[in-house]
Undergrad: 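Take a look at this one; I'll ask things after.
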Amino acid sequence: MVEKKEIIKVGLIGYGYVGKTFHAPFIDAVEGLELSAIVSSHPETVREDWPDMAVYPDIDIMLSNSNVDLVVIATPNDTHKPLAERALLAGRHVVVDKPFTLTTEDARYLAALAEKEKKLLSVFQNRRWDSDFLGVKQAIEKDLLGDIAQFESHLDRFRPVVRQRWREEAVAGGGLWYDLAPHMVDQALDIFGLPDNVQASFAAQRSGAKTTDWVHVILSYGEKRVILQGSMLVAGGTARFTLHGEKGSLIKRYPDPQEAQLRSGMKPLEKDWGKDADPILFWDADGKSSSYPTPSGDQTQYYREIYEALTGSASNPVTPIQAIAVMAVIEAAILSNQSGERIAPDLTNAEKQAFEKK
């Protein structure tokens, strides 16, 4: 006889692209999680997908009128901190979409509040479960490259026309760095730990651009360099990851397929979900080439681990101290772009030690 799982009721705040495309399908796919309420100013859009869903106009009404255990925040970046604060003070566990907050100071505040309220607080770093990242990380763990000299992570697109949306406006939390940095920085920290310093250059290259649409950021680890690159003017794309080390070089050409699968209407865990046919390519010191299969990705794993953390069988998959470290690197890059200097992430010794123990 199969034991019935404890049910965790989830309230989703925001039903724009991120809430609709990522959070709702992933939550629905995890046994034990129940999407039971959505906050949206467009209830008709929600009910097209979820006819029987309880829809509320704002978070306070939802918190007062529903018994959700976990609040997921998928709203514009500048609202993350106040919405997370309200949910924590109302006694709910919280997942915040990336970026966690707009500043390291706000990240510290929410982490302290969650600890005070004894509630789980986590950040949706779904790209830790991308096929491309898993494949590259696996190659590093197998010592395929030896000591790594250079690691490049590219998230490039071709969107030459500036669109009318908050992400491309000159608003707090807008621009390409706040959009891409949380993923790219989190992946870099997951593999290499905290950098010594950060050097950054940002630009607004498209005609009519109101905010950053090109970023080039270098994380230094002694003589090792981790390069994070993003642009809105790259037709045809570039290799997702390129690594160079003492034993050879590695390329992962194409990105993880899960976002494209979700946009096409595929549901998590359907046949071929997360399957990546693009192999890892490797060239050794003699110039001999070989290829390795890329493991399948599964971003649903983030919410599985959230469920396990809430029911006491596992730990928080993305902890507040990890989120604080990401924000410190994001802010260091902003300061570097402004000053032209290398900037060390502003973390206390206690925070550095806590991060390394993660």
Side-chain angles (χ1 to χ4, degrees), residues 98-100 104 123 125-156 176-203 212 214-231 234 237-253 255-256 280-283 318 321-337 339-347 351-352 355-356 358:
K98 59 81 191 172
F100 181 28
T104 310
V123 179
Q125 290 291 3
N126 54 317
R127 293 195 180 276
R128 291 190 190 180
W129 292 274
D130 275 0
S131 60
D132 48 32
F133 179 64
L134 292 172
V136 166
K137 190 175 179 182
Q138 188 178 88
I140 293 171
E141 290 170 347
K142 291 181 176 179
D143 198 34
L144 195 64
L145 294 154
D147 288 340
I148 294 170
Q150 181 172 312
F151 176 101
E152 293 185 34
S153 173
H154 282 250
L155 284 174
D156 295 314
L176 197 61
W177 182 236
Y178 271 106
D179 191 24
L180 301 183
H183 292 313
M184 301 172 85
V185 171
D186 181 73
Q187 290 179 338
L189 299 194
D190 187 59
I191 293 176
F192 299 109
L194 296 170
D196 302 323
N197 56 66
V198 180
Q199 188 174 6
S201 177
F202 301 161
T212 300
W214 180 91
V215 299
H216 182 80
V217 178
I218 302 172
L219 311 184
S220 292
Y221 297 81
E223 295 303 309
K224 182 189 291 131
R225 297 292 182 265
V226 172
I227 300 167
L228 311 179
Q229 172 79 37
S231 173
V234 180
T238 50
R240 175 68 183 89
F241 289 106
T242 304
L243 285 71
H244 303 294
E246 291 184 331
K247 294 182 180 179
S249 295
L250 177 154
I251 290 178
K252 177 63 175 77
R253 295 173 299 182
D256 172 272
I280 301 288
L281 304 177
F282 177 71
W283 288 263
V318 183
I321 189 58
Q322 292 171 343
I324 289 169
V326 169
M327 287 310 309
V329 174
I330 288 174
E331 282 200 307
I334 293 169
L335 292 173
S336 174
N337 174 65
S339 68
E341 300 175 351
R342 294 184 182 186
I343 303 293
D346 184 17
L347 292 167
E351 287 169 340
K352 292 174 184 177
F355 178 85
E356 296 301 337
K358 70 185 188 301

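The chain is numbered in sequence order, starting from 1. Everything quoted here is computed from the prediction, not taken from an experiment.
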Undergrad: Among Ile251, Leu145, Leu243, which one satisfies side chain to side chain contact (heavy atoms under 4.5 Å, CB included) with Phe282?
TA: Leu145
Undergrad: Hey, are the side chains of Ile334 and Tyr178 touching, using non-hydrogen atoms and a 4.5 Å cut-off?
TA: yes
Undergrad: Is the shortest heavy-atom distance from the side chain of Pro345 to the side chain of Val198 under 4.5 Å?
TA: yes
Undergrad: Using every non-hydrogen atom in the two residues, find where Pro255 and Asp132 come nearest and quote the distance to one decimal.
TA: CA-OD2, 3.3 Å
Undergrad: Return yes if some donor-acceptor pair links the side-chain N/O of Ser336 with the main-chain N/O of Ala332 below 3.5 Å, else return no.
TA: no
Undergrad: Could you tell me if Ser201 and His216 have a donor-acceptor pair between their side chains, going purely by distance under 3.5 Å?
TA: no
Undergrad: Residues in ring-ring contact (aromatic ring centres under 6.0 Å, His included) with Phe192, at least two apart?
TA: Phe151, Tyr221
Undergrad: Measuring only between side-chain heavy atoms, which start at C-beta, is Gln125 closer than 4.5 Å to His183?
TA: yes
Undergrad: Quick one: does Phe133's side chain get under 4.5 Å of Asp256's, heavy atoms only?
TA: no
Undergrad: Minimum heavy-atom separation for Ala181 to Ile330, with atom names?
TA: CB-CG1, 3.8 Å
Undergrad: Taking all non-hydrogen atoms of both residues into account, name the closest pair between Arg342 and Asn197 and its distance.
TA: CD-OD1, 3.4 Å
Undergrad: Could you walk me through whether Ser153 and Arg240 pass the side chain to side chain donor-acceptor pair (under 3.5 Å) test, one step at a time?
TA: CA-CA 6 Å; Ser153 173; Arg240 175 68 183 89; 2.9 Å; yes
Undergrad: Considering non-hydrogen atoms only, spot the tightest contact between Ala139 and Leu250 and give its length.
TA: CB-CD1, 3.5 Å
Undergrad: Working to the nearest 0.5 Å, report the span between CE of Met327 and CG of Asp186.
TA: 12.0 Å
Undergrad: Which heavy atom of Lys137 sits nearest a heavy atom of Ile191, and at what distance?
TA: CG-CG1, 4.4 Å
Undergrad: Yes or no on side-chain contact (heavy atoms from CB on, under 4.5 Å) for Gln322 and Leu189, after CA distance, side-chain angles and deciding distance?
TA: CA-CA 9 Å; Gln322 292 171 343; Leu189 299 194; over 6 Å; no
Undergrad: For Lys98, is there an ion pair with Asp179 - N to carboxylate O distance below 4.0 angstrom?
TA: yes
Undergrad: Testing the basics here: between Gly146 and Lys247, what is the closest heavy-atom pair and its distance to 0.1 Å?
TA: N-CD, 3.6 Å
Undergrad: Ignoring hydrogens and geometry, is there a side-chain-to-backbone donor-acceptor pair from Asp196 to Gly222 under 3.5 Å?
TA: yes
Undergrad: Between His244 and Ile148, is any pair of side-chain heavy atoms under 4.5 Å apart?
TA: no
Undergrad: Under the side-chain contact (heavy atoms from CB on, under 4.5 Å) rule, what do Leu194 and Phe355 come out as? Steps first, then yes or no, please.
TA: CA-CA 8 Å; Leu194 296 170; Phe355 178 85; 3.6 Å; yes
Undergrad: Let me confirm one number: the CG-CD1 distance from Leu144 to Ile140, rounded to the nearest 0.5 Å.
TA: 10.0 Å
Undergrad: Any non-hydrogen side-chain atom of Leu281 less than 4.5 Å from a side-chain atom of Lys252?
TA: no
Undergrad: Check whether any side-chain heavy atom of Val217 lies under 4.5 Å from a side-chain heavy atom of Ile227, and answer yes or no.
TA: no
Undergrad: Please say which of Ile218, Val185, Val329 ends up in a side chain to side chain contact (heavy atoms under 4.5 Å, CB included) with Pro195.
TA: Val329
Undergrad: Going by heavy atoms in the side chains, are Val234 and His154 under 4.5 Å from each other?
TA: no
Undergrad: Could you tell me whether Phe202 and Trp177 have their ring centroids closer than 6.0 angstrom?
TA: yes
Undergrad: Show your reasoning for whether side-chain contact (heavy atoms from CB on, under 4.5 Å) applies to Leu219 and Arg225.
TA: CA-CA 6 Å; Leu219 311 184; Arg225 297 292 182 265; over 6 Å; no
Undergrad: For the pair Glu331 (side chain) and Asp346 (backbone), establish whether a donor and an acceptor sit closer than 3.5 Å, ignoring hydrogens and angles.
TA: no
Undergrad: Assess the residue pair Asp156 and Thr238 against the criterion (side chain to side chain donor-acceptor pair (under 3.5 Å)); give the C-alpha distance rounded to whole Å, side-chain angles, the decisive distance to 0.1 Å, and a yes or no.
TA: CA-CA 7 Å; Asp156 295 314; Thr238 50; 2.6 Å; yes
Undergrad: Where the side chain of Gln187 meets the backbone of Arg127, is there a donor-acceptor pair that is under 3.5 Å apart?
TA: yes
Undergrad: Please determine whether side-chain contact (heavy atoms from CB on, under 4.5 Å) holds for the pair Leu155 and Met184, giving the CA-CA distance in whole Å, both sets of side-chain angles, and the decisive distance to 0.1 Å.
TA: CA-CA 8 Å; Leu155 284 174; Met184 301 172 85; 3.6 Å; yes
